[in-house]
Amino acid sequence: MNITLVFIIVAVLVIFLIIYRSSMGEQTYKFINRQGKKLYSKVAPYTYKEIKKKIKELHMDYSFQQYIGQVIIFAVGGGVVTYLYFYNLITSIIYAIAAVSVVPYINYLRCKRLYSEFIFEQVQVYTTNVIMEFATTQSFVKALEGVYSSGTLEDPVKSDVKVMIDMAYDNGTINQSLEYMNEKYDYYMVRNMHQLFLQITNEGSKDASESLENMSLDIDMLVEGVYRDRLDREAFYKKFIKFGLILYLMIGLAQIMLGDSYHQMLNLWYGQLLLHIIVIINSYFLISGTKYYNENVGAE
């Protein structure tokens, strides 16, 4: 087969890959952006060190054996796939090392996602229990004290509730306490609940049971939507990764089509350049998809 024709076929493969992965990337962005805006909210800006510490406390961090297993999978996968592209051991080793270097970044994204989910669950517990306690005590501060001492909250939310209680007693009003919590946890359900309690406190409403019940129902609906969204995102991400891995293996189809001409193309610098572009573009979109899946869980 003419070497020019070989080059054209591989170039078409590169163009197809760019268009397809760009389309997948756009779908990923639209899907996550749409769902995220509806359901999630921003996580308070804690440092990664604090996030990592909390993930370990929750026993959700990877064990040493899991880290090693992940490193082996990435190294073997990166090495084998790129060897099928270039039939060059040194090139495969370089790509294997590059693949392993991505492991810490992926774990970093995973920890941020798990922490975001943990904070959301804690905020749900905080809002639901404060409403329940208020129905009994008819006092927002007493409700906070009841939730704080109940043992249902964990740090950092528990510590922030204690700060709210102290601020309320120091200032003689709940206004500053509510502003503090709204700033720390900028969630739709937190702000709405605080606004409701502020109105009850300032206006002296005698019977707020119906409003509190409606607020509780709103929180339940939001939480249900969040968990449904989590399942949808996970299913979409699995499909995204599967398509990405399949595209890596499309080089096998190209080799079948080209036969011995493929090996001749490997001797040309621009032929190898095209193959490197294929690997890099597909890797970039896989990492980008992983970033979207793990990071964009905080925009309600």
Side-chain angles (χ1 to χ4, degrees), residues 32-46 50 54 112 115-230 295-300:
I32 295 177
N33 188 51
R34 182 175 66 251
Q35 297 297 329
K37 283 183 177 179
K38 290 180 180 178
L39 303 172
Y40 280 91
S41 187
K42 291 181 286 186
V43 177
Y46 296 100
E50 292 172 315
K54 193 64 192 181
K112 287 187 67 176
Y115 187 78
S116 173
E117 294 172 353
F118 164 75
I119 291 294
F120 180 86
E121 291 168 0
Q122 285 291 290
V123 167
Q124 173 211 344
V125 172
Y126 162 73
T127 53
T128 302
N129 287 11
V130 167
I131 291 174
M132 294 173 60
E133 289 284 341
F134 185 86
T136 303
T137 64
Q138 295 299 308
S139 167
F140 181 67
V141 178
K142 293 297 182 183
L144 290 178
E145 291 177 332
V147 173
Y148 177 78
S149 60
S150 66
T152 57
L153 291 177
E154 298 183 39
D155 285 334
V157 178
K158 182 177 181 180
S159 297
D160 289 326
V161 170
K162 182 63 169 64
V163 173
M164 290 181 70
I165 296 171
D166 294 339
M167 290 178 68
Y169 281 117
D170 291 341
N171 299 318
T173 176
I174 65 172
N175 295 55
Q176 289 82 0
S177 298
L178 300 184
E179 290 176 5
Y180 170 81
M181 204 63 169
N182 286 343
E183 185 176 345
K184 290 294 291 289
Y185 304 98
D186 188 13
Y187 289 76
Y188 168 82
M189 57 181 168
V190 171
R191 287 187 173 276
N192 276 17
M193 186 193 74
H194 288 168
Q195 183 62 34
L196 176 60
F197 280 121
L198 190 61
Q199 291 175 355
I200 293 173
T201 302
N202 293 340
E203 298 174 6
S205 176
K206 294 181 179 180
D207 185 12
S209 57
E210 184 177 352
S211 297
L212 291 172
E213 184 178 353
N214 291 336
M215 176 65 65
S216 183
L217 291 175
D218 287 343
I219 292 173
D220 290 341
M221 291 177 61
L222 175 64
V223 171
E224 180 183 352
V226 166
Y227 287 114
R228 190 186 308 117
D229 172 75
R230 189 179 299 178
E295 276 199 331
N296 287 11
V297 296
E300 180 186 48

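In this text, all values refer to a predicted model and were calculated from it rather than measured experimentally. Sequential numbering from 1 along the given sequence is applied to the chain's residues.
- Atoms CG and CZ, on D186 and R191 in that order, are 4.5 Å from each other to the nearest 0.5 Å.
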Could you check T127 against Y185 for side chain to side chain contact (heavy atoms under 4.5 Å, CB included), going step by step and ending with a plain yes or no? CA-CA 11 Å; T127 53; Y185 304 98; over 6 Å; no

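- Under the 3.5 Å distance criterion, the side-chain polar atoms of N182 are matched with a main-chain donor or acceptor of L178.
- Minimum interatomic distance between P156 and F118 (heavy atoms only, all atoms of both residues): CD-CE2, 4.2 Å.
- Relative orientation of the F197 and F140 rings is tilted, given thresholds of 30° and 60° on the angle between their planes.
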Kindly indicate, with the supporting measurements, whether the criterion side chain to side chain contact (heavy atoms under 4.5 Å, CB included) is fulfilled by N192 and Q195. CA-CA 5 Å; N192 276 17; Q195 183 62 34; 5.7 Å; no

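- Each of K162, E179, M181, Q176 was compared with M167 under the side chain to side chain contact (heavy atoms under 4.5 Å, CB included) criterion, and only Q176 meets it.
- Of all heavy-atom pairs spanning K158 and L153, the tightest one is CD-O, 3.6 Å.
- Under the side chain to side chain contact (heavy atoms under 4.5 Å, CB included) rule, V130 has a single partner from V161, V190, V147, which is V147.
- Rounding to the nearest 0.5 angstrom, the gap separating the CD atom in Q124 from the CD atom in E121 is 7.0 Å.
- Here D229 contributes atom CG and L222 contributes atom CG; the two are 10.5 Å apart, rounded to the nearest 0.5 Å.
- A distance-only check finds no donor-acceptor pair linking the side chain of S116 to the backbone of K112 [under 3.5 Å].
- Closest approach of Q122 to E154, counting heavy atoms only: OE1-N, 2.6 Å.
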Stepwise, does the side chain to side chain contact (heavy atoms under 4.5 Å, CB included) test hold for N129 with Y148? CA-CA 10 Å; N129 287 11; Y148 177 78; over 6 Å; no

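- Defined by atom type and a distance below 3.5 Å, a donor-acceptor pair is present between the side-chain atoms of Y180 and D160.
- The side-chain heavy atoms of E117 and Y227, taken from C-beta on, include no pair separated by under 4.5 Å.
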Run the side chain to side chain contact (heavy atoms under 4.5 Å, CB included) check on M189 and D218 step by step: do they pass? CA-CA 8 Å; M189 57 181 168; D218 287 343; over 6 Å; no

For N175 and T173, what are the C-alpha separation, side-chain angles and deciding distance, and is it a side-chain hydrogen bond (donor to acceptor under 3.5 Å, both in side chains)? CA-CA 6 Å; N175 295 55; T173 176; 2.5 Å; yes

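- Atom CD1 of I219 and atom CG of N214 lie 11.5 Å apart (nearest 0.5 Å).
- Salt bridge status for E50 with K54: absent, with no side-chain N to carboxylate O gap under 4.0 Å.
- Closest approach of S177 to M164, counting heavy atoms only: OG-O, 2.7 Å.
- Residues forming a side-chain contact (heavy atoms from CB on, under 4.5 Å) with K142 (at least two apart in sequence, or on another chain): T137, S139, E145, Y169.
- Separation of atoms CE (M132) and OG (S216) is listed at 8.0 Å; rounding is to 0.5 Å.
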